[in-house]
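Below you'll find the structure, written out as structure tokens, and then a few comments.
One is the number of the first residue; the rest follow in order along the sequence.
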Amino acid sequence: MSSHEAQETQEPETPHLDFQGTTPYEDYVKADVLTHLQHTLSDDPGEMVFLVTTQVMELWFTVIVHEWETAAGALRSDDVPTAVAALKRSVRELEALTASWKPLGQLTPAQFNSYRSALGEGSGFQSAMYRRMEFLLGDKSASMLVPHRGAPRVHAELEKALHEPSLYDEVLRLLARRGHAIPSAVLDRDVSQRYEPSEEVEAAWTALYSGPENDELARLGEALTDVAELVWRWRNDHLVATRRAMGSKAGTGGSAGVAWLEKRARKNVFPELWTARSHV
């Protein structure tokens, strides 16, 4: 047997197993913390699936907010490639977030009702990190801070996000700096208010999409459209899962349930990127 063949038959070296204290993996990931955050309130085995899936969604909200804040910061610095890279990463993360509905999407009303009472007044509508996502998309409302008055740090973070330009605000400011006719009413608007579509912004996107496909700003527009499409899919899958589990009953936390989600699912993110396509 040659030395090369002998090396191939040797068992791989055993990884280092003895560490002082916890493992480096645990120090970095904090898996022990994550896997001990589940405290179910009913005896139904399905509640664990609901709880873990919801916690996973919160983690995806957190990383998506990070990506969109990264993109917004890059756009302020006229660094379009870094912004597009962050948006493209967020598309993959949105796909994973939307896939989180899979474990919950097959719930029957009886299965959901078996632990629904454990939620009390709790509702995903109250998620602070999801609200930060919505604010970054330009869907702002000061009233959405009210549920978080009892948590000073969270409330302060949301209030800061409310008064900062959204991701789309930064996009439109970039377009203006690059010579596109974005009206001052859009550029100087109160960014704590919900963004409303503009015919002039639609015309700017129409002009961009009528030009070269490899234009840097056109590619930015497509990255934003990818994000907008995945946000719509998330909202729609949320609607379908809720309709399947509870029909048209009122939601937890006093929300209108399916009626509220239907209204949300009809709204387009970055609206002029969709309407401009009719004019190209």
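For Asp27, the CG atom sits in a packed shell: over 12 heavy atoms of surrounding residues, nucleotides or ligands are nearer than 6.0 Å.
Trp234 and Phe61 have their aromatic ring centers within a separation under 6.0 angstrom.
Between Leu172 atom CG and Leu75 atom CG the span is 10.0 Å, to the nearest 0.5 Å. Note that CG of Asp139 is 11.5 Å distant from CD of Gln193, once rounded to the nearest 0.5 Å. Rounded to the nearest 0.5 Å, atoms CG (Leu162) and CG (Asp190) are 8.0 Å apart. From Asn214, atom CG reaches atom CZ of Arg219 across 6.5 Å, with rounding to the nearest 0.5 Å. Here the CG-CD distance, from Asn268 to Glu229, works out to 11.0 Å after rounding to the nearest 0.5 Å. Between the CE atom of Met57 and the OG1 atom of Thr98 there is a distance of 8.5 Å, given to the nearest 0.5 Å.
Two residues are said to be in side-chain contact when any heavy atoms from C-beta on lie closer than 4.5 Å; Phe19 and Pro24 meet this criterion. Looking only at side-chain heavy atoms (C-beta outward), Glu200 and Val186 stay at 4.5 Å or farther from each other. Residues Val201 and Tyr195 have side chains in contact (heavy-atom distance under 4.5 Å, counting atoms from C-beta outward). Within the 4.5 Å cutoff, the side chain of Asp32 has heavy atoms near those of the His36 side chain. Under the 4.5 Å side-chain criterion, counting only non-hydrogen atoms from C-beta, Arg177 is in contact with Leu174. By the 4.5 Å heavy-atom criterion applied to side chains, Glu164 and Val191 are not counted as neighbours. Val280 has its side chain within reach of Ser210: a pair of non-hydrogen atoms, C-beta onward, lies under 4.5 Å apart. For the pair Tyr168/Leu137, no side-chain contact is recorded, criterion being any heavy-atom separation below 4.5 Å from C-beta on.
In this structure, Glu159 has no salt bridge (Lys or Arg N to Asp or Glu O under 4.0 Å) partners at least two apart in sequence or on a different chain. Ser114 pairs by the side-chain contact (heavy atoms from CB on, under 4.5 Å) definition with Asp44, not counting sequence neighbours. Legend: residues meeting side-chain hydrogen bond (donor to acceptor under 3.5 Å, both in side chains) with Thr275, ordered by chain and number and at least two apart, are Glu202. In this structure, the side-chain hydrogen bond (donor to acceptor under 3.5 Å, both in side chains) partners of Thr225, at least two apart in sequence or on a different chain, are Arg277. Every residue two or more places apart in sequence or in another chain that forms a salt bridge (Lys or Arg N to Asp or Glu O under 4.0 Å) with Glu134 is listed here: Arg235, Arg264. Remark: Val52 engages Gln38, Met48, Val56 in a side-chain contact (heavy atoms from CB on, under 4.5 Å) (not counting sequence neighbours). Under the rule for a side-chain contact (heavy atoms from CB on, under 4.5 Å), the partners of Val91 that lie at least two apart in sequence or sit in another chain are Glu95, Asp226, Val227, Leu230. Judged as a salt bridge (Lys or Arg N to Asp or Glu O under 4.0 Å), and not counting sequence neighbours, Arg173 has no contacts. Residues meeting the side-chain contact (heavy atoms from CB on, under 4.5 Å) test with Thr62, sequence neighbours left out: Met129. Not counting sequence neighbours, His16 has no partner by the side-chain hydrogen bond (donor to acceptor under 3.5 Å, both in side chains) test.
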What pairs of donor and acceptor atoms, side-chain ones from residues 148-155 against any protein atom, are under 3.5 angstrom apart with sequence neighbours left out?
residue : atom : partner : partner atom : Å
Arg149  : NE   : Val146  : O            : 3.3
Arg153  : NH1  : Glu157  : OE2          : 3.2

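Judged by distance alone, the side chains of Ser42 and Glu47 do bring a donor and an acceptor atom under 3.5 Å apart.
In this structure, Leu41 is not a member of the same hydrophobic cluster as Phe50, with clusters built from ILVMFWY side-chain heavy atoms closer than 4.5 Å. Linking ILVMFWY side-chain heavy atoms closer than 4.5 Å, directly or via other members, places Val63 and Leu136 in a single hydrophobic cluster. Linking Ile, Leu, Val, Met, Phe, Trp and Tyr whenever their side-chain heavy atoms come within less than 4.5 Å leaves Leu59 and Leu104 in two separate clusters. Cluster membership check: Leu167 shares its hydrophobic cluster with Leu217, using side-chain heavy-atom separations under 4.5 Å among Ile, Leu, Val, Met, Phe, Trp and Tyr.
Here the shortest heavy-atom pairing between Glu213 and Ala218 reads O-CB, 4.1 Å. The shortest non-hydrogen separation linking Leu87 to Trp68 is CD2-CD1, 4.1 Å. Residue Ser192 comes nearest to His163 through the heavy atom pair CB-ND1, 3.7 Å, listed as atom of the first residue, atom of the second, then distance. Leu208 and Leu175 make their closest contact through CD1-CD2, 4.0 Å (heavy atoms, listed as atom of the first residue, atom of the second, distance). A pairwise comparison of heavy atoms in Ala223 and Val84 identifies CB-CG1, 4.3 Å as the closest pair. Taking each heavy atom of Pro109 and Arg244 in turn, the nearest pair found is CD-O, 3.7 Å.
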From CA spacing to verdict: side-chain contact (heavy atoms from CB on, under 4.5 Å), Leu220, Asp215
CA-CA 9 Å; Leu220 172 63; Asp215 180 87; over 6 Å; no

I would like to know whether Ser100 and Trp60 meet side-chain contact (heavy atoms from CB on, under 4.5 Å); could you show each step before the answer?
CA-CA 10 Å; Ser100 299; Trp60 282 125; 4.1 Å; yes

Please assess Leu158 against Met144 for the test side-chain contact (heavy atoms from CB on, under 4.5 Å), listing each intermediate value before the final yes or no.
CA-CA 9 Å; Leu158 276 175; Met144 293 296 99; over 6 Å; no

Are Asp237 and Lys102 close enough, and set up right, to give a salt bridge (Lys or Arg N to Asp or Glu O under 4.0 Å), and what steps lead you there?
CA-CA 9 Å; Asp237 283 7; Lys102 294 293 185 182; 6.0 Å; no

Test side-chain hydrogen bond (donor to acceptor under 3.5 Å, both in side chains) applied to Ser127 and Glu58, step by step:
CA-CA 8 Å; Ser127 167; Glu58 286 290 333; 2.7 Å; yes

List the steps, then state whether side-chain contact (heavy atoms from CB on, under 4.5 Å) holds for Arg178 with Glu216.
CA-CA 11 Å; Arg178 296 287 180 92; Glu216 184 177 57; 3.1 Å; yes

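Side-chain atoms of Thr108 come within 3.5 Å of backbone atoms of Gln111 as a donor-acceptor pair (strictly under, hydrogens ignored). Between the Glu67 side chain and the Arg89 main chain, no donor and acceptor come within less than 3.5 Å of each other.
When hydrophobic residues (I, L, V, M, F, W, Y) are linked wherever their side-chain heavy atoms come within less than 4.5 Å, Leu51 remains an isolated member.
With respect to the salt-bridge test (charged N to carboxylate O, under 4.0 angstrom), the residues Arg132 and Glu69 qualify. The pair Lys30-Glu26 does not meet the salt-bridge criterion, since no charged nitrogen lies less than 4.0 angstrom from a carboxylate oxygen.
The aromatic rings of Trp205 and Tyr209 are tilted relative to each other, their planes meeting at an angle between 30° and 60°.
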